[in-house]
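We name chains A, B, ... by the order of the sequence lines, and we start the count at 1 in each one.
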2 protein chains.
Amino acid sequence: MSFASSLPLRCGGAIERYALMYETYGALNAAKSNAVLVCHALNASHHVAGYYADDSKNIGWWDNLIGPGKPLDTERFFVVGVNNLGGCHGSTGPASINEATGKQYGASFPVVTVEDWVEAQARLADQLGIERFAAVMGGSLGAMQALSWAIQYPQRVANALVIAAAPKLSAQNIAFNEVARQAIMTDPDFHGGDYYAHGVVPRRGLRLARMIGHITYLSDDAMMEKFGRALRNGVLNFHFDVEFEIESYLRYQGDKFADYFDANTYLRITKALDYFDPALAHGDSLRKALAPALAKFLVVSFTSDWRFSPARSREIVKALLDNRHRVSYAEITAPHGHDAFLMEDTQYHGVLSAYFERMARELGV
Amino acid sequence: MSFASSLPLRCGGAIERYALMYETYGALNAAKSNAVLVCHALNASHHVAGYYADDSKNIGWWDNLIGPGKPLDTERFFVVGVNNLGGCHGSTGPASINEATGKQYGASFPVVTVEDWVEAQARLADQLGIERFAAVMGGSLGAMQALSWAIQYPQRVANALVIAAAPKLSAQNIAFNEVARQAIMTDPDFHGGDYYAHGVVPRRGLRLARMIGHITYLSDDAMMEKFGRALRNGVLNFHFDVEFEIESYLRYQGDKFADYFDANTYLRITKALDYFDPALAHGDSLRKALAPALAKFLVVSFTSDWRFSPARSREIVKALLDNRHRVSYAEITAPHGHDAFLMEDTQYHGVLSAYFERMARELGV
């Protein structure tokens, strides 16, 4: 969907004209009360569920959760997935043509924030005729958007589902992002962000960024369970090619990512993560930041998530309780680490099923 | 010290002629019973304590522990520090001239192991007239050498001090090493390891490797305590230069490291870490691997160390106890993470003081 009016951004600038790629599932009811917005995290997109007729292998990233008869049942809810502004899955981003110059944005594409994404999503909702979402939900960075929606548009969010999140990044979280950014920015093929004009992409940097990311998405135990110290060829080779299975996995993931993801988008998404800190404008009080919220909240964390540990989710829960907001909290015992929010887990999906079931009953859908 | 006889290596090859840079502190007693070998970890060296008359700022890396009147008292013990084979602090390594070719080794320098280092250190001990060490000690990778000494030369080690160690790396540990290696090896200035001939060094890769390393050396809490989310200039700038203090710290550490450390050495040291697994040759039984040891052991871990957590040290303690070996174990409550082994901490240094005091009494030194 194209937007012709200028979108002011937190950086002080604006995007004059832009498009957002989105996908919907199910049908919006007559009361327009059954819409659920699903916000994506780092590398995902608007394609949250199902597959396309001509591309049956490209399954939506949250397909185990969203679909007919699934915990978020598209026979009852109208689900909206949207690629965020600055993304590389069809929405206006650094690789898009800047109409003012006729060239790709590249380095000139602004640093966008979680708050900016919410503003852009709100305009999309306007166009879709959705005054109030039954729920806004997401995991990780997606959850930060759900949290920000509840703050920025209290009247427009009935429920906020905040999964595997933190109210702001720790120094260690920022550190991992910074190493990833440095890997990209010091790649000689980065050309200050204007690599499109050189016909190259900073593949080496993207590859390293993804490898670092993957380590933080998995728990130590899950990695040990999945790969252990298994050797690819059964013996130590005393060279620097792949020896351990975990090396093979990381290189594969890095290569695959570098094939499709835009480096400028990666830089901006990590910045959006680093910047997110709703308490900052309220004297570091998350309680005050969340005071305006009117939504009911479901907060979910996973025991083995060391990136955004349960303790970080509990900070959110405490701030909500301090405001006497309505909040349900589930701490799921799961071995997978941060990635658990994407996995099919009986306990986890059970919680979400029950929550959506209650919502559906309340809405009469 | 130069060695003219060939040193066979675990990789199947050998180093024909080599030199080891070492430093000693205190005096070897007449009975030659008071020698302590201090093994270094990743980026350290033979220079374990004190400073040189002409370079007063270059203080030894374990100076808070080693010296006159310190926990390892050089007025009672004869301390030996040695730069390992393959290093870049004076011992023969990848940047050294291979006498067979007249050129720098570069990529042709073999992949050396912890066991190889112990063999080389044993030859140094022979030359120094030390038949049996009062103690072999180290932290992290240095501790793996102490453990390996106790296995390879049971008669030559009276005490093994194994600090902040693991009996083998986890998949996550290997993963971090692999990303660091990939950062170096994909740097265009790496030239397959023969960058010396091109008059360049893979600075970008070394810098990233060090940044990744630093994240794993510090605890999340310590990083939050030290840097938090503090902004360098007090405001968000919406650009990609340094904004958060943690970014500044990592870039500084990375730049400094890239100025002095050899990339080929870094690759080999991470491989030595990955390969270390004494249980492997014993059907994965650490108990069996440690069966030959005759030393008394002191094992020390730190509560906030997430790289080699206390649970990993306890695996070593359990294997020692299963052998009915003599072992003391201290789990130190410290906030600093893996780096805690380098820090001055009352409880930690108290344990080491007491241990060395007992040793000194037993030796009558």
Side-chain angles (χ1 to χ4, degrees), chain A residues 9-13 107 110-111 113 168-176 178-179 181-183 185-188 193 203-204 207-208 211-212 214-215 218-221 223-230 236-240 243-247 249-251 254 267 271 274-275 277 280 306 309, chain B residues 9-13 110-111 113 168-176 178-179 181-183 185-188 193 203-204 207-208 211-212 214-215 218-221 223-230 236-240 242-247 249-251 254 267 271 274-275 277 280 306 309:
Chain A
L9 303 170
R10 295 284 155 128
C11 64
V111 171
T113 63
K168 62 185 173 192
L169 264 55
S170 71
Q172 188 189 72
N173 294 147
I174 295 173
F176 278 118
E178 169 66 0
V179 180
R181 282 192 294 266
Q182 287 295 306
M185 292 167 61
T186 62
D187 185 325
R203 274 192 66 85
R204 288 171 289 241
R207 185 171 174 270
L208 292 169
M211 293 171 85
I212 294 165
H214 261 282
I215 300 177
L218 299 176
S219 70
D220 191 10
D221 286 347
M223 236 185 213
M224 206 60 194
E225 176 74 23
K226 194 168 174 185
F227 306 104
R229 295 179 49 88
L236 296 177
N237 293 311
F238 298 94
H239 61 47
F240 295 98
E243 292 200 301
F244 294 95
E245 286 292 352
I246 180 65
E247 297 173 323
Y249 171 79
L250 288 176
R251 292 189 196 187
L267 294 179
K271 271 289 176 188
D274 291 0
Y275 282 4
D277 183 6
L280 186 63
W306 61 277
S309 71
Chain B
L9 302 171
R10 294 285 155 126
C11 64
V111 171
T113 63
K168 62 185 173 192
L169 263 57
S170 71
Q172 188 190 71
N173 295 146
I174 295 173
F176 278 119
E178 169 67 358
V179 180
R181 283 193 294 267
Q182 287 296 307
M185 292 167 62
T186 61
D187 185 326
R203 275 191 65 85
R204 287 172 288 242
R207 185 170 173 271
L208 291 169
M211 292 171 86
I212 295 165
H214 262 282
I215 299 177
L218 298 176
S219 70
D220 191 8
D221 287 347
M223 237 185 213
M224 207 59 193
E225 176 75 23
K226 197 168 173 183
F227 306 104
R229 295 178 50 88
L236 297 176
N237 292 311
F238 299 94
H239 62 44
F240 296 99
V242 164
E243 292 200 301
F244 293 96
E245 286 292 352
I246 180 65
E247 296 173 323
Y249 171 79
L250 288 176
R251 292 189 196 186
L267 293 179
K271 271 288 176 189
D274 290 0
Y275 282 5
D277 183 6
L280 186 64
W306 63 276
S309 72

Exercise for review: Please name the pair of heavy atoms, one in B/I215 and one in A/F176, separated by the smallest distance, quoted to 0.1 Å.
Suggested key: CG2-CZ, 3.4 Å
Check your understanding: Under a 4.5 Å cut-off applied to non-hydrogen side-chain atoms, are B/K271 and A/E243 in contact?
Key -> yes
Practice item. Answer yes or no: is there a donor N or O on one side and an acceptor on the other, between the side chain of A/R229 and the main chain of B/L280, under 3.5 Å? Key: no
Point to revise | B/M223 to A/A171 - nearest heavy-atom pair and separation | key: O-CB, 3.6 Å
Practice item. Could you look at B/H214 and say if it's the side chain, the backbone, both or neither that has a heavy atom under 4.5 Å from chain A? Key: neither
Exercise for review: Count the heavy-atom pairs under 4.5 Å between each of A/L250, A/D221, A/L169 and chain B, then report the option with the highest count.
Suggested key: A/L169
Study note, to complete from the structure: Most heavy-atom pairs under 4.5 Å with chain A, out of B/G228, B/P188, B/P110, belong to B/P188
Check your understanding: What residue, out of B/G12, B/A183, B/G193, B/A230, has the most heavy-atom pairs lying under 4.5 Å from chain A?
Key -> B/A183
Point to revise | Heavy-atom pair with the smallest gap, counting every atom of A/Y275 and B/F238 | key: OH-N, 2.9 Å
Point to revise | Working for side-chain contact (heavy atoms from CB on, under 4.5 Å), residues B/F240 and A/V111 | key: CA-CA 9 Å; B/F240 296 99; A/V111 171; 3.9 Å; yes
Check your understanding: Looking at A/D220, A/T186, A/I246, which makes the most heavy-atom pairs under 4.5 Å with chain B?
Key -> A/D220
Review point. What part of A/K168 lies closer than 4.5 angstrom to a heavy atom of chain B: side chain, backbone, both or neither?
Key: both
Point to revise | Top contributor to chain A contacts, counting heavy-atom pairs under 4.5 Å, from B/V242, B/V179, B/L9 | key: B/V179
Revision key, fill the gap. Chain B shares the most heavy-atom pairs under 4.5 Å, among A/L267, A/I174, A/N173, with A/I174
Point to revise | Approximate separation, where rounding is to 0.5 Å, of B/F227 CZ and A/Q172 CD | key: 12.5 Å
Check your understanding: Would a 4.5 Å heavy-atom cut-off, applied to side chains only, mark B/D187 and A/R204 as touching?
Key -> no
Exercise for review: Specify which of B/R203, B/E245, B/M211, B/R251 makes the most heavy-atom pairs with chain A at under 4.5 Å.
Suggested key: B/R251
Point to revise | Side chain proximity check, B/Q182 to A/E247, heavy atoms < 4.5 angstrom | key: no
